[in-house]
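Note: hydrogens, waters and symmetry copies are ignored here, and every other heavy atom, side chains too, is used.
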2 protein chains.
Amino acid sequence: MHSREIFNIVKARRESLNVTQETLAQLSGVALRTLKQFESGKGNPTLQTLQKLGDALGLEVTVVIKNKGNNV
Amino acid sequence: MHSREIFNIVKARRESLNVTQETLAQLSGVALRTLKQFESGKGNPTLQTLQKLGDALGLEVTVVIKNKGNNV
DNA sequence: TCGAAAAGTGCTTTTTGCTGCACTTTACAA
DNA sequence: TTGTAAAGTGCAGCAAAAAGCACTTTTCGA
């Protein structure tokens, strides 16, 4: 999952919940400026930032094994 | 998935592949110091760092909806 | 069409992640 | 036990993320 995809999922999720950036910023504890930057495709958020946003949106950051069945 | 879990998954994955921190650092392009810090449970990696490590280990960072069936 | 809400952007400061270096500690095989 | 490889840690510099502020642009309903 590429960064862009992740950004888009967050943005899409926020929109599907009908929440403004400002509200999400308050709910998540992430600064509005940071959120804006992030949703407009720029930036390289820290895991913590991503998780704060995820928590507020009912999203979860996970790390999974790629290509099951093709591993050592 | 909490930060600790993510750290542990990365570490466990590296070990299961029998790769040293030093080798992973070279393969992933992440500095050894950063990797060490990260595997010992400290730090708050950026998405990019996490993805570099994931790429080298065959892991993928994803963002998924929690509690399927309980959404808007 | 117009006005307000929402979103996007430039600039700046503060904080902190990334990195290199040197050293210590731990694990393990000879 | 001892030597070596691997892993962990303190310190410091640099780059970049986080955040605040002000302003512009876009969106959209009245």
CA sep, side-chain torsions, deciding dist, call: B/Val63, A/Glu60, side chain to side chain contact (heavy atoms under 4.5 Å, CB included): CA-CA 5 Å; B/Val63 173; A/Glu60 185 175 21; over 6 Å; no
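B/Phe7 has its CZ atom 13 Å from the P atom of D/dG8, to the nearest Å. In this structure, CD of A/Glu22 is placed 17 Å from P of C/dA4, rounded to the nearest angstrom. One atom, CD of B/Gln48, and another, C1' of C/dC18, lie 11 Å apart when rounded to the nearest Å. In this structure, B/Lys42 places its NZ atom 17 Å from P of C/dT16, rounding to the nearest Å. Note: CG (A/Leu35) to P (C/dA7) measures 9 Å, nearest angstrom. To the nearest angstrom, C1' of D/dA6 lies 10 Å from CG of B/Leu32. Counting to the nearest Å, the P atom of C/dT16 and the CZ atom of B/Phe38 are 19 Å from each other. To the nearest angstrom, C1' of D/dA7 lies 15 Å from CG of B/Asn18.
Between the B/Glu5 side chain and the B/His2 main chain, a donor and an acceptor come within less than 3.5 Å of each other. At least one donor-acceptor pair closer than 3.5 Å links the side chain of B/Asn44 to the backbone N or O of A/Gln48. Side-chain N or O atoms of A/Ser28 include one that pairs as donor or acceptor with a backbone N or O of A/Leu24 at under 3.5 Å.
For A/Ser40 and C/dT9, the shortest distance from a side-chain N or O to OP1 or OP2 is below 4.0 Å. For D/dG8, neither phosphate oxygen OP1 nor OP2 lies less than 4.0 angstrom from any side-chain nitrogen or oxygen of B/Gln37. The side chain of A/Thr49 places an N or O atom within less than 4.0 Å of a non-bridging phosphate oxygen (OP1 or OP2) of D/dA18. At the phosphate of C/dA5, neither OP1 nor OP2 sits under 4.0 Å from any side-chain N or O atom of A/Thr20. OP1 and OP2 of D/dA6 both lie 4.0 Å or more from every side-chain N or O belonging to B/Arg14. Contact annotation: A/Lys36 side-chain N/O to C/dT9 OP1/OP2 distance is not under 4.0 Å.
Residue-environment remark: CD (B/Glu22) stays at or below the threshold of 12 foreign heavy atoms within 6.0 Å.
One can find a donor-acceptor pair under 3.5 Å joining the base of C/dG10 and the side-chain atoms of A/Arg33.
In the set C/dT19, D/dG8, D/dT9, the nucleotide with an atom closest to the side chain of B/Lys11 is D/dG8. Among the nucleotides D/dA6, C/dG17, C/dG20, the one closest to the side chain of B/Ala31 is C/dG20.
In this structure, A/Thr34 reaches the bases: a heavy-atom distance under 4.0 Å links it to at least one base atom across the strands shown.
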